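When a residue number appears, it is its place in the shown sequence, counting from 1. All values reported here derive from a predicted model rather than from experimental measurement.
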Amino acid sequence: MTTEPVAEGIFKGRPRGLLKLFFKMPLYLHQIGIVWWIEKFTGAQWILITTTGRKSGKPRQVMVDVVDYDKEADTFFVEAAYGQRADWVRNIQA
């Protein structure tokens, strides 16, 4: 599998409080079965990624934005807001 380098991301620090809740909202909506609501009204497309925690070994889930889809290669391109620092990216690398 070949991947292009991931950018450093657009956020410098981790979100806290209401901003953290806002970013987790797609995952919560997926868990209760209505993530389609966001997709329908905002035009956003999401993918659920489940990884194994690199320290805990527990399953971890995150919803990520689909940036592009290559139908010929059946490949989704997603956005990591924290770039290489994103926990899900680091879990996959581990």
Side-chain angles (χ1 to χ4, degrees):
M1 177 173 117
T2 61
T3 59
E4 295 181 21
V6 177
E8 284 301 313
I10 58 174
F11 297 107
K12 297 197 188 302
R14 299 220 177 257
R16 295 184 207 165
L18 289 176
L19 189 57
K20 183 175 182 177
L21 177 67
F22 174 77
F23 286 129
K24 290 227 177 232
M25 192 59 61
L27 180 59
Y28 299 143
L29 293 175
H30 173 75
Q31 290 171 344
I32 61 173
I34 60 171
V35 76
W36 59 267
W37 187 83
I38 291 177
E39 293 176 343
K40 181 178 180 179
F41 292 106
T42 66
Q45 292 182 332
W46 300 84
I47 287 183
L48 175 69
I49 295 178
T50 303
T51 62
T52 301
R54 63 191 178 283
K55 296 177 185 175
S56 68
K58 296 179 181 179
R60 302 295 183 195
Q61 294 185 322
V62 63
M63 294 290 287
V64 294
D65 294 325
V66 174
V67 178
D68 197 11
Y69 174 68
D70 182 350
K71 189 173 185 177
E72 191 173 299
D74 193 27
T75 302
F76 288 92
F77 296 90
V78 297
E79 177 180 22
Y82 293 100
Q84 295 283 9
R85 296 174 298 151
D87 286 331
W88 67 269
V89 172
R90 293 168 66 192
N91 287 345
I92 290 171
Q93 291 172 337

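- In this structure, the separation between CG on D74 and CD on E72 is 11.0 Å, given to the nearest 0.5 Å.
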Inset, instruction - May I have the step-by-step check of side chain to side chain contact (heavy atoms under 4.5 Å, CB included) for L27 and L48, ending in yes or no? - result: CA-CA 8 Å; L27 180 59; L48 175 69; 3.7 Å; yes
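- Contact detail for W88 and V78: the closest heavy-atom pair is CH2-CG2, 3.7 Å.
- Nearest heavy atom pair, residue T50 against residue P59, reads CG2-CB, 4.3 Å.
- Between F76 and V64 the shortest side-chain heavy-atom distance does not fall below 4.5 Å.
- Here the closest heavy-atom approach between residue M63 and residue W46 is recorded as CE-CB, 3.5 Å.
- Across all non-hydrogen atoms, the minimal contact from V89 to A80 is CG2-CB, 4.0 Å.
- With rounding to the nearest 0.5 angstrom, the CD atom of Q45 is 9.5 Å from the CG atom of D68.
- By the 6.0 Å contact criterion, CD1 on I32 is enclosed, its count of non-hydrogen atoms from other residues, nucleotides or ligands being greater than 12.
- Within the 4.5 Å cutoff, the side chain of N91 has heavy atoms near those of the R60 side chain.
- Here the CD atom belonging to Q84 is positioned 5.0 Å from the CD atom belonging to Q93, to the nearest 0.5 angstrom.
- Side-chain contact between R90 and T51 is absent, with no heavy-atom pair separated by less than 4.5 Å.
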